There are 2 protein chains.
Amino acid sequence: MSRDAIEVLKGTLDMLVLKILEDEPQHGYGITRRLQLLTDDALQVDEGSMYPALYRLHKRGLVEAEWFLTDGNRRAKIYSLTPAGRTQLCKEAAYWHRFSEAVGKVISPVPDAAP
Amino acid sequence: MSRDAIEVLKGTLDMLVLKILEDEPQHGYGITRRLQLLTDDALQVDEGSMYPALYRLHKRGLVEAEWFLTDGNRRAKIYSLTPAGRTQLCKEAAYWHRFSEAVGKVISPVPDAAP
DNA sequence: TCCTATGCTTAGACGTTCTAGGCATACTAG
DNA sequence: CTAGTATGCCTAGAACGTCTAAGCATAGGA
């Protein structure tokens, strides 16, 4: 399974992470699995992308981090959204909509919807 | 006008260019304006992105290039799609659909369509 | 003559993702 | 007891594509 995973377009991971954290605080590993789950294995983000992304977001004040213990008694750094992060999520989602809409106009020319 | 242009997500320009060329052969400057036109100024690709993209595509054998004279008597390098380019366009469009669909699943959770 | 639109080129900065390695612990099977 | 698997984190570097910013050249209009 999952051999048909696709790469994440550069610039979209931050938005995806923020969105996952909007649902509920998560640790890096959890975010990765959540993305996989939500997209039926289409999105499988590498750890080498996920953790640097979380650092970026943390440095920008968009997420907070705190160490906790999971059910399995393992330590995990739980990230949660800050107010600034919530704002940024809105911006990035809006950007995504604008961009994907623009791409849509190019690759699937509007066929003059039937009246 | 046009101050609300957005950046092109890295990895999508090739697809956009191939798509424009599928309609009809164009030169770099023309492709840029065509993208702008089709997307109501949302997509304004810089020359510094467009020409390197065309070189990439040419090196990969996805487009052909030939010098012509335009209406205005100016020289212009006209690019056209090769069969390989057409195939690649299909691949990239399919990738885009898969990716944007996956993103959609994350950022706009399905609200359990009403029965 | 100057300015704008057209049209191409290219070096370098920049940011993001991936590759690929490392580390540590909990639990299970043998 | 020991090996393997799943969990969980870290990071250096390569790879890649887009943008910034400069330069060049010509046509046509003011």
Side-chain angles (χ1 to χ4, degrees), chain A residues 2 5-18 25-37 43-60 62-63 65-79 92 95-96 99 102-103, chain B residues 1-2 5-18 25-37 43-60 62-63 65-79 88 92 95-96 99 102-103:
Chain A
S2 80
I6 57 183
E7 283 198 4
V8 172
L9 278 179
K10 294 174 204 256
T12 55
L13 182 54
D14 287 11
M15 173 182 68
L16 296 172
V17 169
L18 291 175
Q26 280 276 0
H27 54 275
Y29 193 82
I31 297 172
T32 301
R33 280 188 317 177
R34 189 109 185 87
L35 279 175
Q36 227 174 304
L37 192 75
L43 254 44
Q44 293 182 48
V45 182
D46 284 276
E47 304 183 351
S49 307
M50 178 57 71
Y51 292 113
L54 287 168
Y55 297 155
R56 279 200 303 275
L57 295 172
H58 187 249
K59 194 163 60 178
R60 293 169 61 195
L62 304 179
V63 301
E66 203 173 352
W67 287 99
F68 277 105
L69 284 182
T70 65
D71 300 339
N73 238 30
R74 295 190 207 81
R75 82 199 211 297
K77 199 187 277 185
I78 305 292
Y79 291 90
E92 303 216 8
Y95 168 80
W96 167 259
F99 181 74
V103 169
Chain B
M1 71 179 84
S2 80
I6 57 184
E7 282 199 5
V8 173
L9 278 178
K10 296 174 201 252
T12 56
L13 182 54
D14 286 11
M15 173 183 66
L16 295 173
V17 169
L18 292 174
Q26 281 276 359
H27 55 277
Y29 193 80
I31 297 172
T32 301
R33 280 188 318 177
R34 188 109 183 86
L35 280 175
Q36 228 174 305
L37 192 75
L43 255 44
Q44 294 183 45
V45 182
D46 284 276
E47 304 182 349
S49 307
M50 177 58 70
Y51 293 111
L54 287 169
Y55 299 155
R56 278 200 305 274
L57 295 171
H58 187 249
K59 194 163 62 177
R60 294 169 62 195
L62 305 178
V63 300
E66 200 172 353
W67 287 100
F68 278 104
L69 284 183
T70 65
D71 299 339
N73 239 30
R74 294 190 207 80
R75 82 199 212 294
K77 199 187 275 181
I78 306 291
Y79 291 91
Q88 182 64 18
E92 302 215 10
Y95 168 79
W96 167 259
F99 181 74
V103 169

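Below, read A as the first sequence line, B as the second, and so on, with proteins coming before strands; counting in each chain starts at 1. Owing to the predicted nature of the structure, the values given are computational and were not obtained by experimental measurement.
- Among the protein residues, B/Thr32 comes within range of no part of the nucleic acid, since none of its heavy atoms lies under 4.0 Å from any strand.
- When DNA chain D is scanned 5' to 3' for any atom under 4.0 Å from a heavy atom of chain A, the first and last hits are D/dT7 to D/dC16.
- Look at CG on A/Leu9: it is 15 Å from C1' on C/dG15, rounded to the nearest Å.
- Using a 4.5 Å heavy-atom threshold, the side chains of A/Leu35 and A/Met50 count as touching.
- A donor-acceptor distance shorter than 3.5 angstrom exists from the side chain of B/Tyr95 to the backbone of A/Glu7, with no hydrogens or angles considered.
- Scanning both residues, A/Tyr51 and A/Tyr29, for their nearest heavy atoms gives OH-N, 3.7 Å.
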| remark: Going 5' to 3' through nucleotides 3-10 of chain C and flagging B where a protein heavy-atom sits under 4.0 Å of the base, S where only the sugar-phosphate is that close, and - otherwise, we get ---BSBBB

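- Residues passing the side-chain hydrogen bond (donor to acceptor under 3.5 Å, both in side chains) test with B/Gln88, sequence neighbours excluded: B/Glu92.
- Between the P atom of C/dC18 and the CG atom of A/Leu54 lies a distance of 14 Å, rounded to the nearest Å.
- Atom OG of A/Ser49 and atom NZ of A/Lys10 lie 8.5 Å apart (nearest 0.5 Å).
- Between the CG atom of B/Leu13 and the CD1 atom of B/Ile31 there is a distance of 9.0 Å, given to the nearest 0.5 Å.
- Between the CZ atom of A/Arg34 and the CG atom of A/Leu37 there is a distance of 6.0 Å, given to the nearest 0.5 Å.
- In this structure, A/Met50 places its CE atom 15 Å from P of C/dT19, rounding to the nearest Å.
- The aromatic rings of A/Phe99 and A/Trp96 lie tilted to each other, with the angle between the two planes from 30° to 60°.
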